[in-house]
Amino acid sequence: MSQRDSTERKWVYYVLMWSIPVLFFVLVEGGLRIIGFGEDYPLFVPVEAAPDYLVMNREVANRYFNQEVRVPTGLHDVFRAERDSSTLRIFVQGGSSAAGYPYYYGGSFSRMLEQRLQQTWPERRVELVNVAMAAINSYTILDQVDEILDQSPDAVLIYAGHNEFYGALGVGSSQSLGRYRQIVNLYLRLQSWRTLQLIRSGLTQVAQVVSRNREGSSTLMERMVRRQEIELGSDTYQTGMWQFRGNLRSILNKYQRHDIPVFIGTVASNERTHPPFQSGLMPSVDPDQWNRAYEEALRAEFLPVSIERMYKVIALDSMAAQSWFALGTLTDMQGDYIQARQAYIMAKDLDQLRFRATEEVNQIIREEAASAGAILVDTQGSLREQANENIIGSDLMLEHLHPNLEGYFVVADAFYDAVYESRIGGQRLNYVPREVARSEVLFTQVDSIFGQLRLQKLLSSWPFQPLDADLDANQDTMQASSKSEELAHALDDGELTWFAATDQLRAHYVEQGSYHLALKASLALLQEYPYLALPYAYAAGVLAAQGRLDEAVDYYGAANDLEESGSIHFRLGVLHQRKTQLELAEDHFERAVFLEPEVPEFQLQLARNHVLRGNWTGANEAVQALLELDPTHESGLALHRLLDTHPRSPN
């Protein structure tokens with residue numbers, strides 16, 4: 001055998017050896033697809049009730065939370081599958097704060113911003129599509145980018161940075177795949193492969209045996225934490241920062257390559273009224289000595305002495321978050337707010353349970369935004385400007401990092417000014433003042449109470465309470481004392497959908513004559529379901545009751561454009577009658593009769609309109625048709641008797 005033949009046989013052998021696993025993989029992958037195993041979980045899917053619209057897939061979080069029985073979902077922002085040139089389409093990315101937790105809906109900053117931008121550019125259709133979710137981080141945001149680009153965005157807004165350690169796939173998360181960013185991102189790109197899903201499914205089955213035992217008595221926040229203590233500057237901490245910087249750079253560069261403007265906000269936390277979750281001492285520090293010094297500092301009778309002693313405690317161990325927070329509290333009491341804020345920030349950054357972003361996160365955001373040409377929105381600075389003594393606390397935050405309603409509005413306001421100044425919507429037609437926008441936020445009492453119920457559940461669990469706390473004993477047992485509370489509890493218990501709860505609230509306000517609140521509830525429904533005719537009709541009815549007839553006509557017209565009905569034409573006819581536009585009224589009454597000829601009231605109003613126009617013949621014909629439907633109709637009989645006393649008109 002020649003040397004050449006031997007070499008060729010070796011190559012054939014190597015090719016065959018490598019082909020066997022490849023062929024095996026192809027057969028397994030093909031077989032799994034044939035039998036229908038696995039899912040693709042696209043980011044956007046058609047709206048079931050309106051296929052011309054798309055919405056974020058409620059199952060998309062399964063890409064990232066493979067060990068969770070219940071995965072988080074985001075807002076229900078719909079947008080047209082086919083956009084036209086008049087549309088201004090902006091996507092919002094981030095974690096739970098970007099999604100508006102615990103309120104969601106009208107309590108999210110994106111909904112507040114959308115409403116304001118729509119008034120700024122009234123000739124354009126403004127679509128703010130929020131794809132943020134709880135417990136996600138830069139891995140998810142990067143994974144979303146390509147599918148967002150497919151939807152031709154005009155701009156992207158990002159508010160993220162708190163979840164880099166414990167968010168899905170983060171280095172400190174229970175869902176982590178390790179510390180190497182490239183491997184995690186490769187996994188995300190390949191996860192549509194059914195073979196990978198089969199392996200993941202097997203591992204998940206084992207993990208869920210444990211997670212099911214915790215599911216009923218723990219929050220997602222608790223279940224996401226694998227490594228509780230992450231010290232500032234440690235290897236794990238540095239890995240988290242490297243992860244965030246690398247992913248953020250990839251995100252911004254992708255958008256930059258497609259000429260998509262990105263508005264990225266700095267992230268804010270509760271600095272003043274939320275102590276560190278976890279404070280630790282360096283190994284070289286004597287715990288007894290430190291504790292004695294700490295207690296002596298707090299027991300000092302005079303505030304200056306207490307502050308001086310607390311500085312000495314910090315000198316013993318400058319990495320103890322607890323002493324920095326105490327120093328912040330003491331200097332705050334003294335009125336030294338600059339020093340207090342600096343101490344509070346140190347306490348937050350040294351907190352070893354890393355639910356709140358450090359100042360380094362915001363520094364990374366600033367640096368990467370400048371490098372990629374993104375527009376920096378200093379939302380943290382805006383919140384500090386609005387906070388008491390410029391220290392962010394419970395006046396703007398609910399707990400450790402989620403804003404309250406006023407806080408979310410401050411975030412929305414900061415993004416609004418940045419978007420307005422950028423001119424991405426074209427000519428700036430109408431700047432909406434802050435005070436006007438704040439008064440028009442579409443946020444109902446049901447949303448507020450529902451948010452508080454969510455918040456109570458969060459605060460009654462770890463890390464706000466010890467792991468062994470009796471959670472059931474901390475649950476809210478308040479009896480509803482108002483219609484809003486009753487509906488919010490039903491929503492929280494799953495007895496009502498958000499649409500049903502808000503609709504019942506709207507009807508309650510109408511019954512009470514509280515038309516301003518009824519309109520707000522109607523518009524909240526409309527913002528959530530712009531493809532349904534009913535919310536437009538609700539809003540029109542309230543506007544009509546307020547005497548705002550022109551606006552009512554516009555809203556009824558929008559309802560008819562979505563779903564033409566006899567009842568809407570009838571209401572339009574009544575409005576035009578009130579505006580003494582009898583010819584237009586007649587057109588609508590005739591259309592109502594044509595669409596729903598079996599409704600006596602439609603025939604009656606058509607007859608009355610004919611009378612107002614002096615068309616006695618037409619009126620008589622309409623009354624005859626009415627009496628054929630209902631021979632005992634009292635109003636019809638009365639009008640028939642009236643017509644009998646007048647001569648027939650040739651009209």
Side-chain angles (χ1 to χ4, degrees), residues 39-65 70-84 86-96 98-101 103-115 117-118 124-136 140-141 143-159 168 192 260 442 447 450 491 494 496-503 522-536 558-559 561-563:
E39 297 285 347
D40 286 328
Y41 300 119
L43 180 58
F44 302 111
V45 294
V47 176
E48 186 174 347
D52 291 340
Y53 287 81
L54 297 177
V55 68
M56 187 172 76
N57 183 2
R58 291 187 177 276
E59 302 295 324
V60 71
N62 283 297
R63 292 183 186 178
Y64 321 108
F65 296 88
R70 297 193 308 270
V71 296
T73 58
L75 292 175
H76 188 263
D77 288 333
V78 301
F79 60 101
R80 291 185 180 273
E82 298 293 332
R83 64 164 292 173
D84 56 36
S86 68
T87 299
L88 177 62
R89 179 173 292 175
I90 301 173
F91 287 84
V92 178
Q93 294 183 270
S96 55
Y101 179 91
Y103 308 115
Y104 300 106
Y105 305 105
S108 66
F109 84 82
S110 62
R111 291 285 177 88
M112 301 177 191
L113 180 59
E114 180 183 52
Q115 183 186 13
L117 290 177
Q118 186 62 77
R124 304 194 65 176
R125 179 189 297 114
V126 176
E127 297 175 338
L128 235 72
V129 185
N130 193 322
V131 293
M133 290 180 286
I136 65 166
T140 295
I141 295 172
D143 188 56
Q144 293 172 337
V145 170
D146 288 338
E147 288 169 278
I148 289 175
L149 288 170
D150 289 341
Q151 301 303 326
S152 304
D154 291 294
V156 173
L157 276 56
I158 299 175
Y159 184 83
S192 62
I260 304 300
L442 300 178
D447 293 327
F450 180 52
L491 176 59
L496 288 177
T497 64
W498 180 85
F499 183 98
T502 307
D503 185 29
S522 301
L523 294 176
L525 288 168
L526 193 157
Q527 190 175 40
E528 179 77 1
Y529 298 98
Y531 53 87
L532 296 181
L534 200 56
Y536 288 93
D561 290 342
L562 287 169
E563 184 180 350

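No hydrogens, no waters, no symmetry mates; every other heavy atom, side chains included, goes into these values.
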Handout entry: For Asp143, all residues meeting salt bridge (Lys or Arg N to Asp or Glu O under 4.0 Å), sequence neighbours excluded
Key =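 Salt bridge (Lys or Arg N to Asp or Glu O under 4.0 Å) check on Asp143 returns Arg63.
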Least distance between heavy atoms, [X] atom then [Y] atom:
X: Ala134; Y: Phe65; value: O-CZ, 3.8 Å
X: Gln93; Y: Ile141; value: NE2-O, 3.0 Å
X: Val78; Y: Val47; value: CG1-CG2, 3.7 Å
X: Leu442; Y: Asp447; value: O-OD2, 4.4 Å
X: Val156; Y: Ile260; value: CG2-CG2, 4.0 Å
X: Pro72; Y: Ala61; value: O-CB, 3.4 Å

Handout entry: Side-chain (Glu59) to main-chain (Tyr41) donor-acceptor, under 3.5 angstrom
Key =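 Side chain of Glu59 to backbone of Tyr41: no pair is present.
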Practice task
In sequence, state the C-alpha distance, the side-chain angles, and the governing distance for Val55 and His76, and then conclude on side-chain contact (heavy atoms from CB on, under 4.5 Å).
Solution key: CA-CA 6 Å; Val55 68; His76 188 263; 3.8 Å; yes
Which residues pass the side-chain contact (heavy atoms from CB on, under 4.5 Å) test with [X], sequence neighbours left out?
X: Asp146; value: Leu149, Lys254
X: Ala99; value: Tyr104, Ala132
X: Ala500; value: Leu496, Thr497
X: Pro42; value: Asp40, Val45, Asn57, Glu147

Holding to ring-ring contact (aromatic ring centres under 6.0 Å, His included), I want the full list of residues that pass it with [X], two or more places apart in sequence or in another chain.
X: Tyr159; answer: none
X: Phe91; answer: Phe44, Phe79
X: Tyr105; answer: Trp498

Residues 525-533, side-chain donor-acceptor partners within the protein, below 3.5 Å, at least two apart:
from	atom 1	to	atom 2	distance (Å)
Gln527	NE2	Arg111	O	3.1
Gln527	NE2	Glu114	OE1	3.1
Glu528	OE1	Arg111	NH1	2.9
Glu528	OE1	Arg111	NH2	2.6

Exercise for the section: Give the C-alpha distance, both sets of side-chain angles, the deciding distance and a yes or no for side-chain contact (heavy atoms from CB on, under 4.5 Å) between Leu54 and Val129. Expected result: CA-CA 10 Å; Leu54 297 177; Val129 185; over 6 Å; no
Could you state the interatomic distance from [atom1] ([X]) to [atom2] ([Y]), rounded to the nearest 0.5 Å?
X: Asp150; Y: Leu43; atom1: CG; atom2: CG; answer: 9.5 Å
X: Leu128; Y: Met112; atom1: CG; atom2: CE; answer: 12.5 Å
X: Glu563; Y: Tyr536; atom1: CD; atom2: OH; answer: 13.0 Å
X: Met56; Y: Asp77; atom1: CE; atom2: CG; answer: 8.5 Å

Practice task
Report yes if some heavy atom in the side chain of Leu113 is under 4.5 Å from a heavy atom in the side chain of Val92; otherwise report no.
Solution key: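 They are not in contact (no side-chain heavy atoms under 4.5 Å apart), so the answer is no.
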Practice task
Would you indicate whether the side-chain heavy atoms of Gln115 and Leu523 approach each other to under 4.5 Å?
Solution key: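 Answer no - side chains too far apart.
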Exercise for the section: Hey, could you give me each pair passing salt bridge (charged side-chain N to carboxylate O under 4.0 Å, His left out) that has a residue in residues 124-135? Not counting sequence neighbours. Expected result: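 Matches after skipping sequence neighbours: Asp84-Arg125, Arg89-Glu127.
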Exercise for the section: Output all residues satisfying side chain to side chain donor-acceptor pair (under 3.5 Å) with Arg58, sequence neighbours left out; order by chain, then residue number. Expected result: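 Not a single residue meets the side chain to side chain donor-acceptor pair (under 3.5 Å) criterion with Arg58.
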Practice task
Under the side chain to side chain donor-acceptor pair (under 3.5 Å) rule, collect the residues that match up with Ser110, sequence neighbours excluded.
Solution key: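 Only Ser108, Asn130 meet the side chain to side chain donor-acceptor pair (under 3.5 Å) criterion with Ser110.
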